[in-house]
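Notes for the one structure printed next.
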Amino acid sequence: MDRFGDKICCNPTVKLKKQESYPVIDIDKITPGYKAVRSVASIEYTGQGGAKFQDHDVLFARITPCLENGKMAIADTEGQNGIGSTELFVFRGIDGVSDTDYVYYLLCMKHIRQLAANSMTGASGRQRADLDFIKRIQWDFPDIEMQKKIASVLSAYDNLIEVNNKRIKVLEQIAENLYKEWFVRFRFPGHETSGFENGIPKGWNVCRFSSIANVLSGGTPSTDHDEYYGGNIPFYTPKDSSDDYFVFDTISKLTEEGLQHCNSQLYPKNTIMITARGTVGNLNLLAKPMAMNQSCYALTSNTIPSQYFLFFLIKREILKLRKMASGGVFDTIIVSTFDHIKVTIPDKSLIMSFDMLVSPILDETYTLLKQNRNLIRQRDLLLPRLMSGKLEV
């Protein structure tokens, strides 16, 4: 058996130059189950703290509950060094000794994550894993060639997932561009012969968002009752919000009894969820029926004949909502906040035409996300058997 610290570079030194810009990866950009994480922004390095890493290093959450939830990924920064959240450890393989992809899959194992979680210290809710403890974790490392073979088998699944992710992003961009073309730039079918009044096409209306949509609240069943939790009903909270359009699962689940004691109805598929407290304005469409807590709102149409149109409509207004958020400890939006959002609404026939075009696009993203969930499930079933040697490569 070998110690991690002897076989893996743990928080290796990475030099950054002051006043130069580097890719930045925050912990909230890492999605459990997805191997690659890309920088979507850059930051000027001024000597600030944070996890410094090289391209293709493993980023590993050290804080609860991110560690337990499996927030870890391999940085994809196109050959550049980068800087990440202070709540990340960085791991890297050692040339000729350990393969970085193998290290990533090793750290993905529940057994290893649980050992790391057992080392946590600190105040409740903000506990962090101990790197020295992780360095002492023992594992029977195979030779480097076997490590690469194991990583190659598992990477095949992640490569397929990554291809699907790229397709999803393209499809989402197509849908967004279609919305912008028709309803922001006003280049919709028939726009050439449509007159304009007060800067908008004739027949279109300006109204308050709350007049066309229901803004519905949620609630949390008492946590003093264990019988309310651990069932099969997904319970959506801000922690479950995803960068993907659709959300398929949640960290917490309710029982039927829990739902009955929750100030939330069971919202149907395609209901729009928007986070309303702390992180304001994260949007998702439900991939299946879910309940939700009081830190979110559910949006459903009362006059608009398309949830997808409503989704893109409110998506365009997120910056306004965030600017209206207020509060002491946490930024918050309330139901009346939506009264202050004015939107431009076309006639229903144009909305239906948009829905007919965009529905197949979003249905395909739904299908690809579902495929990814199946690939993740298959990969995770193989992972412990390959790593333990029970399944030969």
Side-chain angles (χ1 to χ4, degrees), residues 2 4 7-10 12 23 25 27 29-40 51 53-61 67 69-82 84 88-113 116 134 137 139-170 242-244 248 367-393:
D2 306 288
F4 271 31
K7 292 288 187 175
I8 301 171
C9 285
C10 305
I25 295 177
I27 195 169
K29 298 302 179 185
I30 299 175
T31 302
Y34 289 88
K35 183 179 179 181
V37 59
R38 291 184 175 84
S39 172
V40 294
F53 58 84
Q54 290 182 358
D55 184 32
H56 207 72
D57 278 351
V58 180
L59 306 180
F60 182 91
L67 191 160
N69 294 339
K71 270 186 175 270
M72 62 194 70
I74 285 188
D76 182 355
T77 52
E78 299 181 344
Q80 300 182 71
N81 291 345
L88 293 170
F89 286 142
V90 179
F91 297 100
R92 185 189 308 156
I94 299 173
D95 288 344
V97 175
S98 55
D99 176 72
T100 299
D101 288 284
Y102 178 87
V103 170
Y104 165 77
Y105 290 115
L106 179 58
L107 292 168
C108 283
M109 293 183 65
K110 288 184 179 180
H111 168 66
I112 300 299
R113 282 191 283 124
I134 294 174
I137 293 175
W139 182 256
D140 188 10
F141 283 77
D143 63 64
I144 187 69
E145 292 305 318
M146 181 56 67
Q147 290 181 39
K148 290 180 178 179
K149 287 180 181 179
I150 292 171
S152 177
V153 172
L154 296 168
S155 292
Y157 288 87
D158 283 306
N159 291 340
L160 288 173
I161 291 168
E162 184 64 14
V163 169
N164 282 349
N165 282 338
K166 289 178 180 178
R167 291 175 62 192
I168 289 166
K169 295 306 176 188
V170 170
S242 166
D243 288 340
D244 296 318
F248 281 79
T367 299
L368 290 170
L369 285 167
K370 197 170 183 178
Q371 286 180 10
N372 277 354
R373 287 174 57 80
N374 290 333
L375 288 167
I376 289 170
R377 191 176 297 113
Q378 293 169 23
R379 181 202 63 199
D380 290 350
L381 285 172
L382 275 178
L383 177 63
R385 298 180 67 196
L386 284 170
M387 300 297 282
S388 65
K390 291 180 180 179
L391 184 65
E392 293 186 4
V393 182

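We count residues from 1, following the sequence as given.
The CG atom of D244 sits 4.5 Å away from atom CG of L369, with the distance rounded to the nearest 0.5 Å. Here the CG atom belonging to L375 is positioned 5.0 Å from the CD1 atom belonging to I161, to the nearest 0.5 angstrom. Taken from CE in M146 to NZ in K148, the straight-line distance is 13.0 Å, to the nearest 0.5 Å. Summarising the geometry, atom CG belonging to L160 is positioned 11.0 Å from atom CG belonging to N165; distances are rounded to the nearest 0.5 Å. Put simply, CZ on F4 and CG on L107 are 5.5 Å apart, with the number rounded to the nearest 0.5 Å. Considering OG of S98 and CZ of F91, their distance stands at 11.5 Å, rounded to 0.5 Å.
Counting only heavy atoms from C-beta outward, the side chains of L106 and F141 approach each other to under 4.5 Å. The shortest side-chain heavy-atom distance between Y102 and I144 does not fall under the 4.5 Å cut-off. Looking only at side-chain heavy atoms (C-beta outward), P384 and K110 stay at 4.5 Å or farther from each other. A 4.5 Å side-chain heavy-atom check between D101 and H56 finds at least one atom pair inside the cut-off. Looking at D57 and I74, their side chains never come closer than 4.5 Å, going by heavy atoms from C-beta outward. Counting only heavy atoms from C-beta outward, the side chains of F89 and L67 never approach each other to under 4.5 Å. Inter-residue side-chain proximity for R92 and V103 is flagged as unmet; no heavy-atom pair is nearer than 4.5 Å. Side-chain contact between F53 and L88 is absent, with no heavy-atom pair separated by less than 4.5 Å.
Annotation for N372 and N164: closest pair OD1-ND2, 3.0 Å, computed over non-hydrogen atoms. Summarising the geometry of A73 relative to A36, their closest heavy-atom pair is CB-C, 4.5 Å, with the distance given to 0.1 Å. When every heavy atom of Q54 is checked against every heavy atom of A75, the shortest pair comes out as O-CB, 4.2 Å. The nearest pair of heavy atoms linking C108 to R113 is O-NE, 3.2 Å. When every heavy atom of D55 is checked against every heavy atom of G79, the shortest pair comes out as OD2-N, 2.9 Å. Considering every non-hydrogen atom in both M387 and W139, the closest pair reads O-CZ2, 3.4 Å.
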**Item:** Full working for side chain to side chain contact (heavy atoms under 4.5 Å, CB included) between T367 and Q371
**Value:** CA-CA 6 Å; T367 299; Q371 286 180 10; 3.9 Å; yes
**Request:** Go through I134 and C10 one step at a time and tell me if the side chain to side chain contact (heavy atoms under 4.5 Å, CB included) criterion holds.
**Result:** CA-CA 9 Å; I134 294 174; C10 305; 5.6 Å; no
**CA sep, side-chain torsions, deciding dist, call: Y105, V153, side chain to side chain contact (heavy atoms under 4.5 Å, CB included)** = CA-CA 11 Å; Y105 290 115; V153 172; over 6 Å; no
**Request:** Start with the C-alpha distance between K71 and I27, add both sets of side-chain angles, then the distance that settles side chain to side chain contact (heavy atoms under 4.5 Å, CB included), and finish with yes or no.
**Result:** CA-CA 8 Å; K71 270 186 175 270; I27 195 169; 4.2 Å; yes
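By the side chain to side chain contact (heavy atoms under 4.5 Å, CB included) test, V97 is found to be paired with K7, I94, residues two or more places apart in sequence or in another chain being considered.
Residue E162 forms a salt bridge (charged side-chain N to carboxylate O under 4.0 Å, His left out) with just one option from R38, K169, R167, and that option is R38.
Remark: D95 CG is loosely packed, at most 12 non-hydrogen atoms of other residues, nucleotides or ligands lying under 6.0 Å away.
Every pair passing side chain to side chain donor-acceptor pair (under 3.5 Å) that includes a residue from residues 375-391 is listed here, sequence neighbours excluded: D158-R379, N374-R377.
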